[in-house]
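Data first, discussion second: the structure below is written as structure tokens.
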Amino acid sequence: MSNKRTLDGFFKPAESKRPKIEASQEVSSHASYPYPIPHLPCSITDALGFAPAAEAKAINDQPDLDLLHFQPYIPKDVQADLFKFLRREFFFYRVQYTIKRGSIQTQINTPRYTTVFGVDETSYFGVDGSLLESKTKQPVPKDRYKCMPRPLPQCLDVLRKITEGTAGETFNFCLVNYYANGNDSISYHSDDERFLGPNPAIASFSLGAKRDFLMKHKPAPMSMSEPAKPEAKPLKLLLASGDMILMRGTTQTNWLHSIPKRKGADSGAGRINITFRKALVRGGTENYYQYNVGSGGIFRWDNKKQEMVSWKATEGSPTPGPPGTVSLTA
DNA sequence: ATATATAAATGAT
DNA sequence: CATCATTTATATA
């Protein structure tokens, strides 16, 4: 289609206003994706060259705590575009399960949307997108994984590389969470799974709505009767769009963190959280895909409804976005 | 089975 | 009422 202005177009201001972000023609495709994911628009990629946009504030004045807070990391002028791009292009899952409370079955909707990319260090993706063994460079046996690992799409891989440079660490996994509103949350936990190794570094990005991030030291193991320890007050950080926190050292083994539910002001706005981490062994891959993808359906952002809607995997109807040339892999 | 994890429910300010 | 801290219930390893 031609970009020449027509008389018709002249009287349609909506047409000229629309493309705020230049659409990228290329996409990341992979057999494990429900549909191809567009590459990052170069306006965003270019701006990311200036990241980190601020020097980090070190937060290490408490026992076993070692973290850096970049406010922001993503340059201000593209932070909103990046948020919208990712929310629009990614496929999400809302893991649900049922439990019995007393006698009544209740359905639990995991209070956030999730999606995940990556594979642990024992494997990597070849240029054609196939999984290879790190050790032998041979194809991994078909039954090695119960899940189907997904390579990072280009748009995340760009961010990954920049983050690796800042952190002085390498990452092979990317977890993406979407907190649709103040009712979405995650309760206190640590990212201290064994498959991450002893002192995992985790880079966590915030985009979209501001949310509180609470951290508290793990309770000391209860010893016999005597020492009732006074629990220290949780540390509260307000995470804004474009911020990044790098958690390292002994932080994960000794601290818990959470995103609590929030009412009021920002409660209607969505927040995307992106974490980069490194899984060392197979178990990490299985775990992450099990708990962040599960077996439920796909959700996508509906710009008209301004909410996540379940996405029908009807044949051949891929992205609402522009069809482009297909790159072989991320 | 003991321990850990997670979200809901409850109680307090 | 919103937030915070604690407890409860269940699941899973």
Side-chain angles (χ1 to χ4, degrees), chain A residues 62-65 92-116 120 145-147 173 175-200 202 204 206 209-225 227-240 247 250-271 273 275 277 279-296 299 308:
Chain A
Q62 304 210 38
D64 314 310
L65 184 63
F92 287 94
Y93 303 84
R94 187 110 181 175
V95 175
Q96 43 187 236
Y97 52 97
T98 60
I99 58 169
K100 286 189 287 271
R101 266 202 70 117
S103 59
I104 21 174
Q105 283 269 341
T106 50
Q107 172 158 297
I108 304 291
N109 256 8
T110 298
R112 78 201 84 101
Y113 294 88
T114 56
T115 196
V116 61
D120 64 89
Y145 295 100
K146 293 196 280 273
C147 57
F173 250 100
L175 274 60
V176 182
N177 296 305
Y178 181 67
Y179 299 85
N181 54 54
N183 270 60
D184 279 354
S185 64
I186 191 164
S187 45
Y188 275 116
H189 70 285
S190 302
D191 296 307
D192 60 350
E193 294 97 339
R194 283 242 267 273
F195 51 75
L196 296 176
N199 288 116
I202 297 178
S204 175
S206 287
K210 294 175 180 153
R211 289 293 293 264
D212 282 331
F213 180 77
L214 302 186
M215 300 194 76
K216 70 176 181 187
H217 202 281
K218 287 186 189 176
M222 238 243 297
S223 80
M224 289 224 283
S225 54
K229 269 286 174 189
E231 293 244 335
K233 267 222 154 117
L235 176 60
K236 190 195 314 198
L237 305 184
L238 181 60
L239 301 183
M247 299 176 275
T250 55
T251 302
Q252 297 301 336
T253 52
N254 294 95
W255 287 72
L256 302 163
H257 54 269
S258 77
I259 299 281
K261 293 187 194 303
R262 281 291 177 262
K263 315 246 164 157
D266 273 350
S267 68
R271 168 180 181 262
N273 171 237
T275 62
R277 52 188 78 201
L280 304 179
V281 297
R282 224 165 82 196
T285 299
E286 303 288 14
N287 179 293
Y288 282 146
Y289 283 91
Q290 177 175 356
Y291 292 113
N292 297 282
V293 175
S295 46
F299 288 85
M308 290 288 170

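These figures come from a predicted structure and were not determined experimentally.
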Assert: residue with more 5' nearest nucleotide on DNA chain C, out of A/Thr98 and A/Asp212, is A/Asp212
Do side-chain atoms of A/Asn109 reach the backbone of A/Pro111 as a donor and acceptor pair under 3.5 angstrom? no
May I ask you to check whether A/Ser206 and A/Arg271 show a side-chain donor-acceptor distance below 3.5 Å? yes
Give the nucleotide from the list C/dC4, B/dA7, C/dA2 with an atom nearest to the side chain of A/Pro111. B/dA7
Short side-chain N/O contact to C/dC1 OP1/OP2 from A/Arg262, under 4.0 Å: no
For A/Ile259 and A/Ser185, which heavy atoms make the closest approach, and how far apart are they? O-CB, 3.1 Å
Applying the Watson-Crick and G-U wobble criteria at under 3.5 Å, what pairs with B/dA1? Answer none if nothing qualifies. none
Test applied, side-chain hydrogen bond (donor to acceptor under 3.5 Å, both in side chains); reference residue, A/Lys218; option that passes from A/Asn254, A/Asp192, A/Thr253: A/Asp192
Side chain of A/Tyr291: nearest nucleotide among C/dT12, B/dA7, C/dT3? C/dT12
Is A/Pro234 touching bases, backbone alone, or none of the nucleic acid, heavy atoms closer than 4.0 Å? sugar-phosphate
Regarding the side chain of A/Asp192, the nearest nucleotide among C/dT10, C/dA5, B/dA5 is B/dA5
Under 4.0 Å: is that the gap between some side-chain N or O of A/Lys261 and OP1 or OP2 of B/dA8? yes
What is the nucleic acid contact for A/Arg194, judged by heavy atoms within less than 4.0 Å: base, sugar-phosphate only, or nothing? nothing
